[in-house]
Amino acid sequence: MKGLLITLEGIDGSGKSTAAKHIAARLAETMSERRVVLTAEPTSGEVGKILRAELAKACGDGTKPSDAKIMQELFLFMADHAHHLTKTVLPALETGAIVLSDRYADSTAAYQGVTLRGIVPDPVSWIQSIYRPWNLRPDKTLFFVLEPHVALQRMQSRQGRQKFERLEFLRLVDENFRRMAALEPERFVQIDAKQDAKEVAKEAIKAILNLISSG
Ligand code: TYD
């Protein structure tokens, strides 16, 4: 049986992580013969740990990081992605599993596509061109679409806000995601993330079951 790679993407606060848990549980129930692997980026592996520590340090002091620091962050996200592919995603797919990844390489294109502005020309395309020769393209990408100001309101109550959670920044990330989705409409399925969590999960599961029954 062929494995399936499904990624969940969207800005912070769009409800991906909550939906991912519901979707994984529901799929495991509906398709008991098939292994469902729920995974995420940044990972909890070695590079992911370094990355989270760096993100936590960078949080909140308001000073603009150097270009070198921004590049360091990009390559940590890329190294973490490479590690995720080799250690988790590819081996699981080989066993025929359905792999659900809460964020994947598109997050790097969308987020670092903003942080790298002014350092490299057309950063989204540049990042995508680095990934292209070795990355595995998802079978489907569920894009959780939510207005950035609504996402931010939802996050006000969360503890430990991260540096990527500012409105202007999220607006630019959101634009990148929307542009990427428009360029690959056959891969990106847009999910209206404004609905309540149950409806969001339902819509996402429907898209995945469609994909499974068509392939
Ligand atoms: P997130 O999915 O929010 O992790 P957590 O479960 O800790 O909330 O990811 C952490 C932040 O990293 C988030 O703001 C998005 C950002 N990010 C990037 O900037 N580039 C990437 O490639 C990835 C995977 C995440």
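Counting starts at 1 for both ligands and their atoms, in listed order.
Residue D12 places at least one N or O, backbone or side chain, under 3.5 Å from an N or O of ligand 1. Polar contact with ligand 1: present for R52 (N/O pair, distance under 3.5 Å). An N or O contact shorter than 3.5 Å is missing between D102 and ligand 1 by distance. The N/O atoms of Q112, backbone and side chain alike, include one that comes under 3.5 Å of an N/O atom in ligand 1.
In this structure a side-chain-to-backbone donor-acceptor pair under 3.5 Å is missing from D80 to V47. Proximity of a side-chain donor or acceptor of D139 to a complementary backbone N or O of L5 within less than 3.5 Å is detected.
With contacts defined as side-chain heavy-atom distances shorter than 4.5 Å, the pair I205/T30 does not qualify.
Side-chain atoms of H84 and T39 include a donor-acceptor pair closer than 3.5 Å.
Between M78 and ligand 1 there is no heavy-atom distance shorter than 4.0 Å. The closest approach between P42 and ligand 1 falls below 4.0 Å for a heavy atom of the residue.
Comment: E175 engages R179 in a salt bridge, judged by a side-chain N to carboxylate O separation of less than 4.0 angstrom.
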